[in-house]
**Student:** 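Got a structure for you, questions after.
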Amino acid sequence: MSVHGQVKVRTSAEQKAARERERAEKLRLYLSEYENILTNRQTADPLVLLKSTENVLSEHPDCFTLWNVRREALLKIDHEQEKDFLEKELSVTQRCLQSNPKSYSCWYQRQWCLKQLREKFNVNLYKNELGLCKKYLELDERNFHCWAYRYYLLEQLCPPTSSTDLEPFYDQELEFLHATIGRNLSNYSAWHYRSKYLDKLLDQSPARRSAVLSLEWELVLNAVYTDCWDQAAWFYLRWLLFKQLGSDAISEDKHIKPLEELDEVEPRNRWCMLALCQLWKEKKIRDEKRKCYLVQLANEIDCDRAQFYRDQI
Amino acid sequence: MLEGLPREYDVIVVGTGMVESILGAACARIGKSVLHIDVNDYYGSEWASFSLDALMEWTQKQETAEINIDPHDEHEKIVPISNPKDVCRNVQLKWNIPETKEETETMEENASKPMTLDVLKKQSRKFNIDLTPKLYYASGGLIDLLVQSNVAKYCEFKLVSRLLLERNGQLENVPSSRADIFNSNDISLIDKRLLMKVIMNCSSMSIDDLNEDQNLPFVEYLKKQKLNDKLCHLILNSISMVDYTATTKDGFIKAKRYLDSIGRYGNSPFLFPLYGNGEMTQAFCRLCAVFGGIQFLRFPLAAFTLNSSTNQCTGIIATTGERFHAKDAVICNHAYMKSISESQNTIHRIVLLTNQSIKASEKEEITYLRLSSPDETGIHVIEVGYGPGCAPDGLFLLYLFPEKSQTHAGDNTDKIIERLLKLTGDHFTRTNILGQFTFDQIETISLPPSSIDKLFLTHGPDGTIDHDAAVNTARNLFHEIYSNGEEFLARAPDPEDIVIEDPSNTDDTSTTKTENETL
């Protein structure tokens with residue numbers, strides 16, 4: 001193999017040619033399968049269609065038309081077998097998700113299957129699905145498809161309003177979200193769903209309102225101090241202050257002062273400055289400074305949004 | 001046993017330490033003929049890893065007899081070698097456990113069955129004890145070289161999962177990522193912001209941005225950023241990992257490296273090789289062999305040959321008198337030179353065999369702890385166990401060594417162990433230490449280069465945590481030997497890209513065929 005220590009190796013041009021040949025072959029196979037399926041769409045046996053589409057979709061999960069063909073085929077199957085096929089469908093989508101965890105079609109198909117199985121509601125099935133979501137979120141905690149699916153599942157699993165299990169259910173979810181944010185405080189989805197569940201919890205247990213919001217304020221303040229450049233935490237902070245706490249509950253000492261201190265340590269941080277301007281306006285204090293900041297933001301710091309700031313002066 | 005071994009080479013490499021092994025691989029890679037020898041029956045020299053039996057054997061040093069060989073002619077000078085094991089002095093191995101079970105019957109009753117030495121020896125092969133433990137920054141240095149040269153395919157690594165520091169008289173986790181700082185209950189909000197700011201600056205600023213601050217002591221620069229003592233110590237000791245005397249420039253470069261390394265392979269900046277650090281030298285030796293280098297352990301080496309009129313090293317001689325010639329270079333570990341006996345700088349290395357981790361954890365960890373204070377040099381502490389294949393399940397290896405070598409260092413083993421025990425509290429005490437292995441490793445890194453043409457001396461390990469010194473020396477020496485623009489460890493091709501020629505088409509086989517026929 002080795003002549004004078006030099007091994008004969010394919011040049012990069014040869015490597016490229018080899019890859020091109022592979023791709024062309026793959027494409028040819030795909031096109032012929034696809035044609036075949038579409039030609040026989042109406043006439044072929046649903047089981048045959050399911051088999052052939054499965055083969056193609058496991059390599060090319062984003063082909064919307066083929067998923068339509070599958071749904072048509074599944075609806076044609078008779079009632080007794082339907083449940084088994086729908087459950088098997090879930091494992092088909094799982095395989096397809098492995099090649100693209102962010103495929104719109106796959107996640108949609110899963111949700112469609114669960115909806116079809118509605119009459120045969122199975123709590124274990126939903127709990128399994130939740131487990132799957134957790135795994136996918138561990139792989140990529142910002143997979144918004146997975147988040148949306150998770151919340152669909154939680155809505156189905158949610159105990160009724162009258163049940164005593166409802167409050168612990170919300171608390172548990174808030175715990176999960178807390179841990180997720182703990183791992184990465186940039187996770188916008190986590191903060192977003194946290195706001196939704198916080199709303200639900202406070203609706204359900206109004207007595208806990210001030211205690212919960214107090215802890216929540218500590219959490220978000222910790223986040224903006226740790227990373228004052230991350231917008232996810234700032235959005236949540238403004239939501240918490242203005243939509244949850246409300247103008248009356250905002251205290252100068254507890255809420256405004258810490259942000260002013262942060263501003264001193266991190267001047268010219270547009271998120272901090274904007275939050276302060278909005279707070280000062282609500283509490284009708286520091287008007288001069290507020291106007292000055294807004295002008296600075298519009299003209300120097302965040303010129304792209306100049307009009308947004310000027311409108312607030 | 002040396003019959004059939006060719007006598008002429010481009011390069012002869014003596015010793016299988018890290019620098020020599022990298023160099024041997026680099027020379028073979030560019031097509032040079034390489035003879036790579038070692039007098040030991042194991043790879044690695046002072047960088048080797050041993051099973052328990054092999055370590056116990058290694059501690060029993062044998063004396064080598066001086067062989068006298070006469071020169072060929074008046075131009076040839078013979079330079080006898082020194083026993084390379086002499087680079088490790090004062091080797092001691094003490095056990096705190098009985099030899100065998102019979103002895104335990106006479107001892108006081110203990111709730112659990114005490115461990116005995118013969119039980120440990122039965123699991124000898126599960127141990128991989130490093131003479132020179134080191135960690136690998138995920139970004140830079142040796143890892144980059146392994147990836148670039150594709151030698152990485154010969155080794156596997158695990159993340160160093162737990163980084164500790166000394167705080168409030170205890171061992172605590174080092175907060176270095178944003179998530180760690182966010183989750184810490186120990187740091188005030190303002191301090192979190194100040195710390196994050198410094199960390200982000202270390203990552204994003206370039207050295208030039210520092211301007212005059214570069215030469216300030218790093219600790220003063222950090223105080224300028226309004227960090228309190230606790231946080232200064234955190235950055236100095238556990239992120240930059242420099243002493244209090246370091247300049248801002250040095251501290252910055254190292255902090256940058258640490259922070260760049262986090263996230264490359266996982267949530268920690270360091271990797272540790274599966275089966276111990278000895279694997280690394282073997283990986284490079286393997287590459288050398290793949291490209292035609294000849295590896296010869298237990299080589300009966302007697303001396304080097306010099307041409308006294310040109311002051312050039314011409315090769316080596318075996319104890320049997322056979323001579324091997326090197327055209328371009330003889331690369332040799334400093335440990336083979338008699339001159340190392342002059343060196344007084346040593347690194348005192350401690351290896352403890354324990355049955356308990358220094359800090360409790362739910363899962364298997366590889367732990368790194370750096371101990372230091374304003375007026376002393378840093379001490380590295382590495383703990384490995386079953387996870388990276390270095391010890392049997394339930395047992396651990398605890399390495400302790402100083403970052404800088406010392407001249408005429410007394411034996412401070414007990415002092416260092418006491419210091420650690422104060423931090424581990426009830427969880428880990430002296431009773432958890434089953435065995436203690438210590439030795440003084442002569443530091444050869446500061447020794448002068450050879451004054452003999454074509455003889456290139458390589459150094460052994462230093463006390464730093466990484467391999468930078470070894471990699472840089474290997475690269476520099478390579479370019480000294482082959483200064484015509486040859487590439488240093490170019491990427492070896494992937495198997496899929498290698499074209500295997502049909503053997504019946506080459507001339508060589510046709511000659512062999514004719515020879516066979518006449519036989």
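Both backbone and side-chain heavy atoms feed into the values below; hydrogens, waters and symmetry mates do not.
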**Student:** Using a cut-off of 6.0 Å, state whether more than 12 heavy atoms not belonging to Glu172(B) lie near its atom CD.
**Tutor:**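 Enclosed.
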**Student:** Identify which part of Ile190(B) has an atom lying under 4.5 Å from any heavy atom of chain A, answering side chain, backbone, both or neither.
**Tutor:**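 Both backbone and side chain.
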**Student:** Counting neighbours of NZ on Lys26(A) that are heavy atoms of other residues, nucleotides or ligands and sit closer than 6.0 Å, is the number greater than 12?
**Tutor:**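 Result for NZ/Lys26(A): open.
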**Student:** Are the side chains of Phe182(B) and Leu219(A) in contact, using a 4.5 Å heavy-atom criterion?
**Tutor:**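 Sidechains of Phe182(B) and Leu219(A): in contact.
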**Student:** Assess whether atom CG of Asn484(B) is packed by more than 12 heavy atoms of other residues, nucleotides or ligands within 6.0 Å.
**Tutor:**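 Above 12, so yes.
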**Student:** Where does Leu262(A) contact chain B at under 4.5 Å (heavy atoms): side chain, backbone, both or neither?
**Tutor:**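 When you check distances to chain B, only side chain atoms of Leu262(A) fall under 4.5 Å.
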**Student:** Taking atom CD as the centre, does Glu25(A) end up with more than 12 heavy-atom neighbours from other residues, nucleotides or ligands that are less than 6.0 angstrom away?
**Tutor:**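 Count over threshold, so yes.
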**Student:** Which heavy atom of Gly182(A) sits nearest to which heavy atom of Ala179(B), and what is that distance?
**Tutor:**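 Here Gly182(A) and Ala179(B) meet closest at O-CB, 3.5 Å.
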**Student:** Distance from Tyr225(A) atom OH to Leu194(B) atom CG, nearest 0.5 Å?
**Tutor:**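 These two atoms lie 9.5 Å from each other.
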**Student:** Could you give the distance from CG (Asn183(B)) to NE2 (His178(A)), rounded to the nearest 0.5 Å?
**Tutor:**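 The NE2 atom of His178(A) is 8.0 Å from CG of Asn183(B), to the nearest 0.5 Å.
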**Student:** Looking only at heavy atoms and a cut-off of under 4.5 Å, which of Leu195(B), Asn267(B), Leu189(B) has the most pairs with chain A?
**Tutor:**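 When all of Leu195(B), Asn267(B), Leu189(B) are compared, Leu189(B) has the most.
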**Student:** Looking at Lys254(A), I'd like to know if its NZ atom is crowded, meaning that more than 12 non-hydrogen atoms belonging to other residues, nucleotides or ligands lie closer than 6.0 Å.
**Tutor:**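 Yes.
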**Student:** Would you tell me whether Arg178(B) and Asn184(A) have side-chain atoms, one donor and one acceptor, within less than 3.5 Å of each other?
**Tutor:**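 Yes, side-chain donor-acceptor contact under 3.5 Å.
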**Student:** CZ/Arg193(B) to CD/Glu261(A) distance, rounded to the nearest 0.5 angstrom?
**Tutor:**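 Interatomic distance, Arg193(B) CZ to Glu261(A) CD, rounded to 0.5 Å: 14.0 Å.
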**Student:** Do Trp229(A) and Met200(B) make a side-chain contact, defined as non-hydrogen atoms from C-beta onward lying under 4.5 Å apart?
**Tutor:**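 Touching, per the 4.5 Å side-chain cut-off.
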**Student:** Just checking heavy atoms, which of residues 231-241 of chain A are less than 4.5 Å from chain B?
**Tutor:**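 Within residues 231-241 of chain A, no residue comes under 4.5 Å from chain B.
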**Student:** Can you check whether Asp227(A)'s main-chain N or O pairs, donor with acceptor, with Lys192(B)'s side chain at less than 3.5 Å?
**Tutor:**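 Side chain of Lys192(B) to backbone of Asp227(A): no pair is present.
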**Student:** Heavy-atom count check: over 12 atoms from other residues, nucleotides or ligands less than 6.0 Å from Lys230(B) NZ?
**Tutor:**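 Yes, NZ of Lys230(B) has more than 12 neighbouring heavy atoms, counting only those of other groups under 6.0 Å.
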